[in-house]
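To start, the structure under review is shown below, and the notes come after it.
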Amino acid sequence: MKIMILYTRQEDTQKMKIVDEYFGCDVFSTSAMQRYLPHAVYKQMMDVMEKGKELPKEIADVVANAMKDWAMDKGATHYTHWFQPMTGITAEKHDAFINPTGPTSVISDFRGKELIKGEPDASSFPSGGLRATFEARGYTAWDPTSLAFVKEKTLYIPTLFCSYDGSALDKKTPLLRSNDALNKAAVRLLNIMGYNIHKIKTTVGPEQEYFLIDEEMFKERLDLLVTGRTLFGAAPVKGQELDDHYFGSLSERVKAYMEEVDEELWKLGVYAKTEHKEVAPCQFELAPVFTSTNIANDQNQLTMEVLQKVASHHGLVCLLHEKPFDGVNGSGKHNNWSFCTEEGENILEPGDSPKDNIRFLTVLAAIIKGVDEYQDLLRISVASAGNDHRLGADEAPPAIISIYLGEELTAILEAIEAGNEYVDTIDRRLELGISTLPPIAKDSTDRNRTSPFAFTGNKFEFRMLGSNLNISCPNTILNTIVAEELTQFADELECVKKEDMTKALIALIQKTLKNHKRIIFSGNGYSDEWKKEAKRRGLLELKTTADALPHYTDPKNLQLFEKHNVYSASELHARESILLTNYYKVVQIEAKTMAYMLRKQILPAIFSYEAKLAQIIQTKKSSGIDAPLEVKILKNINTPLELVSNHLDTLETLIHKETTTEKQAACFAANELLPLMETIRQLTDLIETNVSKEDWPLPDYNDILFKSML
Ligand code: ADP
Ligand code: MG
């Protein structure tokens, strides 16, 4: 086994820690279970975790007690049911492990019933009408398939969150339901095709991008503090045009930060692996090793939390907003997704000869069909006010969904569709022209970075996610649409005789490609030509969240989710309503912040600079000297300033405008508020370039992007 050594930052000694020894030490892992549970109970727990068996009531107390003992040995005093409400963040409410035994005495206690179910009240989370306040009970239910852990003296128990009638009030319940749906559909189809497979599970590796900036500068900008993004800021003197940040060497401050992040994540059993500088100044990425979707989801939430917490130890702030700065790249989260058998065999592995791998090609065809038929849902799954600033902004995939398959797979599928034999003409050697180097094999797919949904070797990479998104929704959608297509294939193939199966599969792939090949696109997804071409092909372009969300509850989507028991109609309506409301509220808060900063900080600063200029002009004039330069600057400031002032008046009226429906409010935000805010921003940024640095009341883009890392 590979041993990694890391150094803790201690003043005088460099203490070595061996990661093998402490990886996962804060997780109630299978080895911790083995130590703390009687053997028979441990075996039953394994059945619960691996085979999805029910936890017998009588052993729940034993497990709870062991968990408590283990956690207290790690210094924990409290426990919390950790859940992911529909806000997408994680929620926790801490309870101490104590039970009074007399007026002045307590014993430490934690029972099975407390482990299995919690009633956190939590009535203030948005429920989209699933919970009226008079019946506000919300329950948390232990999810034994995601491991409990200790953090900051508290035992965290991953849970699901539902209402009195069992409706999902969280992000995780639908995700687990969709895993079940995909498992059921895939096992059925694969067995019909003649493979003896009992269980499949989905796997995800989310690559997390983020910005790091100096804490002091962050605190001076209300826009960053309140909204996570800068609402003003003239372009810096240098952006990312030299591509010199990407993969660059790390400064000591950032290196120290990343070491601490890794250490914290490793203790929590998160497979943090790859870290590097990203394209924009101050931008970075952390990629974990993939794992099962449920765990990857929880670990990504933990990763975002640790990234933010550890930053404060280094005088930094980690920004997870999708577009903190105008003019440089925003941050995304590439969701690498696949599914494998119980034994870990990846179903999306094409093998050495993809053209002969009929199982792979069938599943691929199903995915192509699913992505084409449910473009709207994939777009919706990544929709948010912040992400709208990224998608289609020449740095992230456009708001149009398409699939990239790479040269070889595209050629194979084209040959199948045409009924031709595929002749492999692709040269798989990478020719470097250096005789002393051993030959390097070429991967079968290249990486088209502009594609929103790209096949990358043995998995799909869904690239439209924004950096701060909870990954459960996109994966719920992916799992469900693929479950649907696999089910349709299974229905069609059910009665096919064994000896006719290959022929039937080829015919099915052919038919699927004929009907759905419009979704396959290998060119530059950032180009304007693609937008036109996509329109010609009839692909959807849902530009804003307000455009996309109302399709959530289209009849075909309601039907899909109900069929696979992923969302009931009321659960889906609730989500649509919450997301629409959230979108409007986010934009409204941004508008208020903009107005506040203008009135309280920016306008007064401009006035004082204008006064200085006017004073100089006056003084010069009284000495009989002309002041053409000062007059010019004053005019340059004053012309846009008058416009800003008028627009600001309008913005302040619009902020309070009443709308009748959630959909209307969202459209109003997208079509009225945001464009006006953009105009105000551009004018203000223009003024900024004419005002002295000393008088400008905010740290500017040069300060934030270039002095942060010092
Ligand atoms: P790149 O930056 O080139 O996209 P990385 O190696 O940084 O690639 O990230 C790829 C991600 O995909 C990693 O998190 C990796 O663990 C994950 N991954 C690899 N194989 C699978 C798989 N079968 N299922 C899900 N994720 C996978
Ligand atoms: Mg990637």
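All values below were derived from every heavy atom in this structure, side-chain atoms included, with hydrogens, water molecules and symmetry-related copies excluded. Whatever order the structure lists ligands and atoms in, that order sets their numbers, starting from 1.
- Between Thr203 and ligand 1, at least one N/O pair is under 3.5 Å apart.
- Considering backbone and side-chain atoms alike, Phe290 places an N or O below 3.5 Å from some N or O of ligand 1.
- The aromatic rings of His389 and His321 sit tilted relative to each other, their planes meeting at an angle between 30° and 60°.
- Ligand 1 has an N or O atom lying under 3.5 Å from an N or O atom of Pro288, backbone or side chain.
- Only side-chain heavy atoms of Glu207 come within less than 4.0 Å of ligand 1; its backbone N, CA, C and O stay farther off.
- Proximity of the aromatic rings of Phe23 and Tyr271 is defined here by a centroid distance below 6.0 angstrom, and this criterion is met.
- Residue-environment remark: NZ (Lys277) exceeds the threshold of 12 foreign heavy atoms within 6.0 Å.
- A ring-centre distance under 6.0 Å is found for Trp530 and Phe521.
- Using a distance-only test at 3.5 Å, with no hydrogens or angles considered, no donor-acceptor pair links the side chain of Gln375 to the main chain of Ile401.
- Contact atoms of ligand 1 toward Val289: 16 (O) (distance under 4.0 Å to a heavy atom of the residue).
- Each of the atoms 23 (N) of ligand 1 lies under 4.0 Å from some heavy atom of Asn346.
- For ligand 1 and Ser338, the ligand atoms under 4.0 Å from any heavy atom of the residue are 22 (C), 23 (N), 24 (N).
- In terms of modelled atom types and a separation under 3.5 Å, the side chain of Arg463 and the main chain of Ser451 share a donor-acceptor contact.
- Near Gly205, the atoms of ligand 1 lying under 4.0 angstrom from a non-hydrogen atom of the residue are 14 (O), 25 (C), 26 (N).
- For the ligand labelled ligand 1, residue Glu461 lies inside the 4.0 Å heavy-atom shell.
- More than 12 heavy atoms of other residues, nucleotides or ligands lie within 6.0 Å of NZ in Lys309, so this atom counts as buried by the packing criterion.
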